[in-house]
Protein chains: 2
Amino acid sequence: MAGLRERTRRAVQAELAAVALELFTERGFDDVTVDDIARAAGVSKRSFFRYFPAKEDAVFDGVRLMGDDIAEQITGRPAGEPAWECLHAVLREWVARIDAGSRAALRVIESTPALRARFQQKREEARGRIAEALAERTGLDAFAVDLLTSAAATAIDCATREWLRTGGAEDERLKLVDTAFDRLRPTCAGS
Amino acid sequence: MAGLRERTRRAVQAELAAVALELFTERGFDDVTVDDIARAAGVSKRSFFRYFPAKEDAVFDGVRLMGDDIAEQITGRPAGEPAWECLHAVLREWVARIDAGSRAALRVIESTPALRARFQQKREEARGRIAEALAERTGLDAFAVDLLTSAAATAIDCATREWLRTGGAEDERLKLVDTAFDRLRPTCAGS
DNA sequence: GCCATACATGTCACTCGATGCCATAAGCGT
DNA sequence: ACGCTTATGGCATCGAGTGACATGTATGGC
């Protein structure tokens, strides 16, 4: 079972992330020091760094770990499904499930260049894992799954940006994702 | 004409960037302090930051400013050319012209996560400017040029990764770029 | 050539993120 | 209750980055 140790650790970590997110939302990422967060949560600055390797990671704690989650769903899709439809279906559902907690974190990330950069980087790692899962499922070569997963990521990005440009109505979002996936479908192999 | 002031400034900046690149290549980005660079170039740490806003920027100085350069070439393409072919032609040529100086800088960037993240970010800004130029030239809407330029960036990325995976022979590179552009061509609008 | 001005540089001091070390307190299994 | 692991706080330190101040040096007007 989950020992007390592990549970309290999780609780403190979540508390720190929550406090941090609140302060970041209020004053902006750069205008909040680690000391501020630690004091507000009732621990020392030193302890903060025992829960998060860096200040930035307190923000990413609130965002779903996309990689393994999605890779797992990929492997669970119906056998005959073409790769592009598979990615479309899984990612479409993933977009549909962005909870309110993640929303606040994403807003902070969006408004801080340094965080945006790191976020992209983490997403790129996730894409790598997804590409692996897709390769295993479909038997396509590395180049093909790279093209497919990269195109899928691009589709989500473009859809999101267009969504923001056009106001951001909730029911428009999935339609834009569908449109982007439709227009960006890679040709030839495994389509 | 270019005053003496401006010229010496440029010279010192280039010298700092060169010294920095050398040290980074030798010992890795993280194992070189700004003090090291400054001393090696014969200036104070404070002066280093008068030439570069951050340590990272000493690396990016060696890489061509892609944005405006490419955007300019976009606007100079033959009038009737479809958007995708236009991007393909301009970026193909850009890939072909990566000089040896940039090569060293790119290697340092590639081997340092923090630099990779910032590099992606700068490239995203460049993509924005290119998208603007493309919109002006073709009259396409923001969503369409976003899809096109993002897909083009994806094509370059995938081609580069495949190129690295398969050994990195110089004459293979452009062929992979062509293949990636071929497979990732967005459908419908302005193709 | 002389002088006032703008600009470049160096030094010092400081903030903040991040890490190592050590002493201490709290939990854990036996 | 006894050792053992683990969490914590405090302290010192490093490195990136910034602000303030003083000094030197090129520039432009006379």
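Labels below follow one simple rule: chain letters A, B, ... track the order of the sequence lines, proteins then strands, and each chain is numbered from 1.
- Where DNA chain D pairs in unbroken runs of 3 or more (Watson-Crick or G-U, both distances under 3.5 Å), the stems are C:1-30 with D:1-30.
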Yes or no on side chain to side chain contact (heavy atoms under 4.5 Å, CB included) for B:Glu93 and B:Ile70, after CA distance, side-chain angles and deciding distance?
-> CA-CA 10 Å; B:Glu93 198 186 350; B:Ile70 295 178; over 6 Å; no
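- Side-chain polar atoms of A:Ser150 and B:Arg161 form a donor-acceptor pair below 3.5 angstrom.
- Ionic pairing of B:Arg127 and B:Glu124 is present here: one or more N-O contacts between side-chain nitrogen and carboxylate oxygen are shorter than 4.0 angstrom.
- The aromatic rings of A:His88 and A:Phe181 lie parallel to each other, their planes meeting at an angle below 30°, with 60° marking the opposite boundary.
- For A:Phe24, the ring-ring contact (aromatic ring centres under 6.0 Å, His included) partners are A:Phe29, not counting sequence neighbours.
- Applying a 4.0 Å cut-off to non-hydrogen atoms, the residues of residues 26-46 of chain A that approach DNA chain C are A:Val32, A:Thr33, A:Val34, A:Lys45, A:Arg46, listed by residue number.
- Computed from coordinates, the B:Arg9 CZ to D:dA26 P distance equals 17 Å when rounded to whole Å.
- Listed by first and then second residue, the ring-ring contact (aromatic ring centres under 6.0 Å, His included) pairs involving residues 101-160 of chain A amount to none (not counting sequence neighbours).
- Side-chain N/O atoms of B:Thr33 and B:Asp36 include a donor and acceptor closer than 3.5 Å.
- The closest side-chain heavy-atom distance from A:Thr187 to B:Arg185 is not below 4.5 Å.
- Residues from residues 49-58 of chain B lying near DNA chain C, meaning a heavy-atom separation below 4.0 Å, are B:Arg50, B:Tyr51 in numerical order.
- Considering only residues two or more places apart in sequence or on other chains, B:Arg46 meets the side-chain hydrogen bond (donor to acceptor under 3.5 Å, both in side chains) condition with none of them.
- Under the 3.5 Å distance criterion, with hydrogens and angles disregarded, a donor-acceptor pair is assigned to the side chains of A:Thr154 and B:Thr154.
- Whole-Å rounding puts the A:Arg118 CZ to C:dG17 P distance at 14 Å.
- Atom pair B:Phe24:CZ and D:dG15:C1' shows a separation of 13 Å (rounding to whole Å applied).
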